[in-house]
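Down below is the structure, laid out as structure tokens.
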2 protein chains.
Amino acid sequence: MARPNKRTTLREVAEATGLSTAAVSYALRGKQVSKETEERVRKAAAELGYEADPIARALASGRTSMVGVLAGDLQDLWQQQLMAAIGRELLASDHYALILDAGGDPERELALAKQLRDQRVDALLVSPVNPSEEGWAAIADALPVVAVGDSLSRARTAGQVIFDNRAGIDAVLEYLHGLGHRRVTVLTPTRPSTPGRPADVYVREAAGRLGLWVELVPCPQELGEATAVARRVLDGDWSATAVFCFSDSLAYGVYGAAAEASLEVGRDVSVVGFDDHPVSRVLTPPLTTVDWGLAEIAVEAARLTVAAIEGKRVRRKRILCAPRMSERGSAVRV
Amino acid sequence: MARPNKRTTLREVAEATGLSTAAVSYALRGKQVSKETEERVRKAAAELGYEADPIARALASGRTSMVGVLAGDLQDLWQQQLMAAIGRELLASDHYALILDAGGDPERELALAKQLRDQRVDALLVSPVNPSEEGWAAIADALPVVAVGDSLSRARTAGQVIFDNRAGIDAVLEYLHGLGHRRVTVLTPTRPSTPGRPADVYVREAAGRLGLWVELVPCPQELGEATAVARRVLDGDWSATAVFCFSDSLAYGVYGAAAEASLEVGRDVSVVGFDDHPVSRVLTPPLTTVDWGLAEIAVEAARLTVAAIEGKRVRRKRILCAPRMSERGSAVRV
DNA sequence: GACATCTTGTTAACCGCTTAAGTTAACCGC
DNA sequence: GCGGTTAACTTAAGCGGTTAACAAGATGTC
């Protein structure tokens, strides 16, 4: 015995109005019927407390009004923030966000994408994709995929909101260079296994150009582990003068480790982040970081996604986010 | 023309094996069929790349394998953290979390709950409910509701994970009292309109008992606004010596405002939080706060929810979370 | 050997809605 | 007054599964 709570069905409304179910269906979606019939139907529906069953509707129409949202790593506080914003935006457009966390694992990411596709979401909104994977083709084949992030995921996407990572990285390294730093440790959120990320490449290029010595250190986004890694970096014979973190979360780890080591950020160590999470502003010293405009990103991502669902051939729109340095107190002249 | 990507259907598997769709349906769920038939069906299904359509299944079976998760206010960083954890846990039990954010508005919360019910989620997992509402009855009537938080939401829930807020509040105020504080400002995350929250009552009771002067100040969870409120509190003729924040997010706002006012937290101002968000540990000074054990909360909440879905009459299980003070550097003797 | 009992399948009726195609009657120009 | 539209519905065929009810051969019992 299933739940005995019967909702009123379309048929009941039809019977109540003496119309066919089809007529009612049309009427409720404002199609094909006379103004007065529509009125009559609406009234009856309201009286009976009718609410269309989304499941049945999905089965018949093929659309679920759900968007699969894939976060690269929800340990990253900024991504939590982004997901919250995206959820809000999608809801505002009458879509539900099914948020899944890949936990920084590219393979898991792809697996979850498949799961979401199988779950019949209308579209996929993917945060930082690992572009190496070509299993994505099979997915982009089945539904529109919108990418947000530095993702290279090309062609197949129905839209992209891209961070100009190269520009951001250049800006930060030039900034540090301008402050006199010559040796910089870069904390990247990547697992060691992931090869040749474009971001790494950009760092090396910029460093080469500026004559900077850089050291790339992979680091988990989880704050406890990030602190541990930072501790190891700062301890003993650390020969650099600045730490550039690929996410503000990682920078927080550096703050923690620095405090433990009695180093003062913004005096003994310079730190730069990469997201502009709200917390960065209230730290002491406030974190110098790169602002990508989270709010607009969420809005644009949601917009592109909804457009893609509605079949608007948006000529594969690409939105480019420019980096804005938020210069605060954590990086200083050396 | 809808998407032309046909998935393989049950019928195709049936034809391929020469069985009826019913037999295949049973076979794939390991019921009623001989071991060898099951094997044959599985093989065929695998070859054809068959994957049951969750929508069709939901329509027929009445279960969507989706859980509606209602966050009280996702501006609160700790709640973001909690939602991420709950999403993970639910996924581990083969359920998808449909996370919606009430943004601190009790009415919106109820409206979203209705939306989720109409969306046919199998169960509702509600974070901080406003218990005054009795529209909840209609919802709890239609599906199992699991509550997590200080929620009073009674009877109708299928399970609860409760924070012993009274104990937490007592612990904090006693702690502050022990440090010599006699005048405490309390930042509450509530909109001014919300009347008589139990938390407020607990504060007044404890304050009365301890002979503490307290001032309750409502404050938005959004960090920028929280900072603004904190600024106003600390400015000029602030006569208290400590700020007790009902969420770590709010405490971060105090850190920000204090820095602006050149007050040093842990020297000029004592601050206590209430969540133990990871960031609290890396602040300078690290935030003294109350740890509720987020990880276990997520696990228990997910467990209760899944149990409720599976119809286990869990005798309305209630899990009580005890507060654990994380004494760090932000509150000092005065 | 007759009858009850499993086992393993099959048939077909839904689940509640959408939508292509068909029907009817009113309306139109000429 | 006749073919051609058009507006407003109705019919009915799905969408892709689940599941109660029934069938028939295999097995068991005495």
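Values below: all heavy atoms of this structure, side chains included; hydrogens, waters and symmetry mates excluded. Each chain gets a letter, A, B and so on, in the order its sequence line appears, and its residues count up from 1.
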For [X], answer base if it contacts any base atom (sugar-phosphate contacts may also be present), sugar-phosphate if it contacts only those atoms, and nothing otherwise; contact means non-hydrogen atoms under 4.0 Å.
X	result
Ser25(A)	base
Ile55(B)	nothing
Thr9(B)	sugar-phosphate
Ala52(A)	sugar-phosphate

Going by heavy atoms in the side chains, are [X] and [Y] under 4.5 Å from each other?
X	Y	answer
Tyr96(B)	Leu100(A)	yes
Leu112(B)	Leu91(A)	yes
Leu77(A)	Leu77(B)	no

Looking at [options], which one has an atom nearest to any side-chain atom of [X]?
X	options	result
Ala60(A)	dT19(C), dT10(C), dG16(C)	dG16(C)
Val33(B)	dC9(D), dG9(C), dG16(D)	dG9(C)
Thr37(A)	dC9(D), dT18(C), dT10(C)	dC9(D)
Ala22(B)	dT18(D), dA12(C), dA12(D)	dA12(C)
Thr21(B)	dA21(C), dT10(C), dA12(C)	dA12(C)
Ser34(B)	dT8(C), dC9(D), dG17(D)	dT8(C)
Leu19(B)	dT10(D), dC9(D), dT10(C)	dT10(C)
Ala56(B)	dG17(D), dT19(D), dG16(C)	dG17(D)

Q | Assigned partner base of dT18(D), Watson-Crick or wobble definition, under 3.5 Å | A |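 dT18(D) is paired, partner dA13(C).
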What is the distance, rounded to the nearest whole Å, between atom [atom1] of [X] and atom [atom2] of [N]?
X	N	atom1	atom2	result
Tyr26(A)	dG22(C)	OH	P	13 Å
Leu59(B)	dC17(C)	CG	C1'	8 Å
Lys35(B)	dT8(C)	NZ	P	11 Å
Arg11(B)	dA13(D)	CZ	P	14 Å
Arg120(A)	dG16(D)	CZ	P	7 Å
Leu10(B)	dG14(D)	CG	P	17 Å
Glu51(B)	dG16(D)	CD	P	15 Å
Arg57(B)	dG16(D)	CZ	C1'	10 Å

Q.
Between Arg42(A) and Glu39(A) (salt bridge meaning N to carboxylate O under 4.0 Å), is one present in this structure?
A.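 No, no charged N to carboxylate O under 4.0 Å.
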Q.
Parallel, tilted or perpendicular: which one describes the rings of Phe163(A) and Trp292(A), with boundaries at 30° and 60°?
A.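 Phe163(A) vs Trp292(A) ring planes: parallel.
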Q) Between Cys321(A) and Val161(A), what is the shortest heavy-atom contact and its length? A)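 Scanning both residues completely, I find the closest heavy atoms to be SG-CG1, 3.8 Å.
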With respect to the phosphate group of [N], does any side-chain polar atom (N or O) of [X] fall under 4.0 Å of OP1 or OP2?
X	N	result
Arg29(B)	dT18(D)	yes
Arg63(B)	dT18(D)	no
Ser61(A)	dT18(C)	no

